Engineer: 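Submitted below is the structure of interest, expressed as structure tokens.
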There are 2 protein chains.
Amino acid sequence: MHAAVVSLHRQGPVHPQAQACARCELRRLALFGTLSEQALDCIHVHIAAQRLEPGQALYDIGQQAGALFTVRSGVVRLERVNASGERRVVRLAGRGDLIGLEALLKQPYGSTALASTPLEVCRIPRGLVAELSQSHVGLATALMQRWQHALAQAEEWLAELSMGPAQRRVLRLVHKLSQYAQGDEQQPWIWLPTRGDIGAMLNMSMETASRAISALRRQGVLLQVEPQRARLDLALLQATLRSDERG
Amino acid sequence: MHAAVVSLHRQGPVHPQAQACARCELRRLALFGTLSEQALDCIHVHIAAQRLEPGQALYDIGQQAGALFTVRSGVVRLERVNASGERRVVRLAGRGDLIGLEALLKQPYGSTALASTPLEVCRIPRGLVAELSQSHVGLATALMQRWQHALAQAEEWLAELSMGPAQRRVLRLVHKLSQYAQGDEQQPWIWLPTRGDIGAMLNMSMETASRAISALRRQGVLLQVEPQRARLDLALLQATLRSDERG
DNA sequence: CGGTTGATTGAGGCCCATCAATCCAGGTGG
DNA sequence: CCACCTGGATTGATGGGCCTCAATCAACCG
């Protein structure tokens, strides 16, 4: 049940975690990107790299939040279950995104975080951020930016992915998923969620989601559709989006 | 076009704004509630009370955000227009809520804020918060709490107000609106949005919204329905909600 | 190989969007 | 004072998009 925990501890005499974070290739994207090398030396608490398989939970809604997480690779979906027992995906997080900010306020998590693809994250204990923010005022601004980004994502979800006919919503979702693509070529491979998950994202039945994906394949927007991934004709996608928004 | 701006400047020798804020009946709700009286003395910048009529805009999406706002009374709706030109209400804000947090990050506003009822707000210039947060670390936490609250609201909107049949969504909206009610009696008067606005909140046509409101009147959940307000049978509402979520 | 899980496709029916007519309240001007 | 106009609310009729139920298919696995 527990995910593998890999320590980033370097075998060195002093401040080993600082070394690991300083060498992190995500540093400019991640929360501590604004901090100087000196500041990283202040890190005494353990940051742990964690690896999860699709379907595994990073945390559950209602849990007391002890840590926040930076996504190193893969995609996480944040879910809620409403009063009627229906599942709804409220946000996606990918490489460089920071989730679980509630931890900083000592609140329980506001949603369940589930790995949608193979996932690598860094677990950042609440105390570490508190410690650093004492001395480094810039960190507070960085955190607010993360919060604002999450808010903007949620509102975009409401405005773009929750309105209009099913076909259009799927089209927009595919567009959004293209930002998690591997290469930035003209026909990149994108991750495709489970049809049931697409339904939970776009508020439609999984059959409707399946039909919409099939339609995109027939239209040539998606090439080589496999259950969990597809190759995307980016130019045709954008053209279809434009004509769809017009008519 | 411009809303009336009423200065809270007290006629006194020193730090007049501090006096006004110290006397504010919303202070424990509002952003500066955590600050001491001493801290309020630091306020040198102008906070302006502002009054708006229903339909007037507090700010527009895309505008460079120069200030944030505390709602003193009334209800504000935050709207977006998506790529297809459809309008969507993404959040509501009432007494004590803080909106326009983007200002602190020097970003443009992420949505349009419109008065849904007669409205009183306090306009807080961006610089004031920056100034205060220099010396008072607690303010950063207060701000993060506001951000988290806004995020939770947006996600609740997605999970609760965007799923299920139209009748249920309207029922839940009415439940949410009851928190903006005047008295806390058993049959309070609540504000009812324009049917078109209900549609923009719940992603349905205004005709469907109207029919749902009419149904609530027939069921006795709403008594004395007027276009812009209604008297609510709170007990029956909660009973209907429970049975609706069950079946 | 049978069993399981998810995807796809079809058929039918219902919820809701759309179009349209009417009603109602408030404002304006003769 | 009343005719007229206007904007929003209400209610009806109709068609279509999507949900539901169901069968089939593909992939994986013990």
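Just so it is clear, the structure is predicted and the values come from calculations on it, not from any experiment. Letters go in sequence order (proteins before strands), and every chain restarts at 1.
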Engineer: From CD1 of A:I213 over to P of C:dT9, roughly how many Å is that when rounded to an integer?
Structural biologist: 12 Å
Engineer: Among side-chain atoms of B:T112 and B:E79, is any donor-acceptor pair under 3.5 angstrom?
Structural biologist: no
Engineer: Measure CD/B:E226 against C1'/C:dC24 and give the value in whole Å, please.
Structural biologist: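 After rounding, the gap between these two atoms is 13 Å.
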Engineer: Does the side chain of A:L177 come within less than 4.5 Å of A:L92's, by heavy atoms?
Structural biologist: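 Heavy-atom side-chain distance check passes, below 4.5 Å.
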Engineer: Do B:S84 and A:R172 have side-chain N/O donor and acceptor atoms under 3.5 Å apart?
Structural biologist: yes
Engineer: I'd like the 5' and 3' limits of the part of DNA chain D contacted by chain B, with heavy-atom contacts below 4.0 Å.
Structural biologist: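 Span of nucleotides near chain B: D:dA9 to D:dA13.
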Engineer: Donor-acceptor pair, distance only, cut-off 3.5 Å: does the side chain of B:Q56 make one with the backbone of B:A115?
Structural biologist: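 Looks like no, no N/O pair under 3.5 Å.
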Engineer: Quick one: do A:E86 and A:R88 make a salt bridge, cutoff under 4.0 Å?
Structural biologist: no
Engineer: Find out whether B:Q153 and B:K176 are in side-chain contact, i.e. whether some heavy atom of one side chain is under 4.5 Å from a heavy atom of the other.
Structural biologist: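 Answer yes - side chains close enough.
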Engineer: Rounded to the nearest 0.5 Å, what separation is found between the CD1 atom of A:I198 and the CE atom of A:M201?
Structural biologist: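 The distance works out to 7.0 Å.
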Engineer: Report, as a single string ordered 5' to 3', how protein heavy atoms within less than 4.0 Å touch nucleotides 11-20 of chain C: B base, S sugar-phosphate only, - not at all.
Structural biologist: B----SSBBB
Engineer: For A:A209 and for A:P227, locate the closest nucleotide of DNA chain D by heavy-atom distance; then report the residue assigned to the nucleotide nearer the 5' terminus.
Structural biologist: A:A209
Engineer: Donor-acceptor pair, distance only, cut-off 3.5 Å: does the side chain of A:E102 make one with the backbone of B:Q148?
Structural biologist: no
Engineer: Can you tell me how far C1' of C:dG6 sits from CD of A:Q228, to the nearest Å?
Structural biologist: 9 Å
